[in-house]
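Encoded as structure tokens, the structure appears first; notes follow it.
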Amino acid sequence: MNIQRVDIGHVHQVWPMVETYLASAVEYSKGDYTPESVKVLVATGQWTLLVAVDDEGVKGAATVVFSNRPP
């Protein structure tokens, strides 16, 4: 299995394959985000989309946000 970063130019193509994984994460976290808001944050480059794939296709997805904070 490989973990791949999705370029923001391909987010809309990949989204149907990962939406259920991310919707599940949003529901579990009970945070302030919806699947649609996550899509916007990923598509605008504010968050990074990672996808786990193998020979059979997509097996999982996650988002990452990087931030710099003062020490």
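This chain uses plain numbering: 1 for the first residue, then up along the sequence.
- Minimum heavy-atom separation, Ile8 to Gly45: CG2-CA, 3.8 Å.
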Would you tabulate the side-chain donor-acceptor contacts of residues 62-71 under 3.5 Å, counting partners in other chains and residues two or more places apart, or write 'none'?
none

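- Interatomic distance, CG of Asn2 versus CG of Leu50, reported as 12.5 Å (0.5 Å rounding).
- Across Ala61 and Leu49, no two heavy atoms sit closer than the pair CB-CD1, 4.4 Å.
- Note that CG of Leu22 and CH2 of Trp15 are 4.5 Å apart. Values are rounded to the nearest 0.5 Å.
- Heavy-atom contacts from other residues, nucleotides or ligands closer than 6.0 Å to CD of Gln46 number more than 12.
- The local environment of OH in Tyr33 is sparse, with at most 12 non-hydrogen atoms from other residues, nucleotides or ligands closer than 6.0 Å.
- In this structure, CZ on Arg5 lies 10.5 Å from NE2 on His10, to the nearest 0.5 angstrom.
- The closest donor-acceptor contact from the side chain of Ser24 to the backbone of Thr20 lies at 3.5 Å or more, if one exists at all.
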Next on the checklist: Using the rule given for side chain to side chain contact (heavy atoms under 4.5 Å, CB included), can you reason through Val53 versus Gln4, listing the C-alpha separation, both sets of side-chain angles and the distance that settles it, and then say yes or no?
Outcome noted: CA-CA 8 Å; Val53 296; Gln4 300 176 343; 3.8 Å; yes
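- Within the structure, the side-chain hydrogen bond (donor to acceptor under 3.5 Å, both in side chains) test picks out the following pairs touching residues 34-43 (sequence neighbours left out): Thr34-Ser37.
- Few gaps surround CG on Asp54; more than 12 heavy atoms of other groups in view lie less than 6.0 Å from it.
- Under the 4.5 Å side-chain heavy-atom criterion for Ile, Leu, Val, Met, Phe, Trp and Tyr, Val51 and Ile3 are members of distinct hydrophobic clusters.
- A continuous path of Ile, Leu, Val, Met, Phe, Trp and Tyr side chains, each step under 4.5 Å between heavy atoms, connects Leu41 with Met17, placing both in one hydrophobic cluster.
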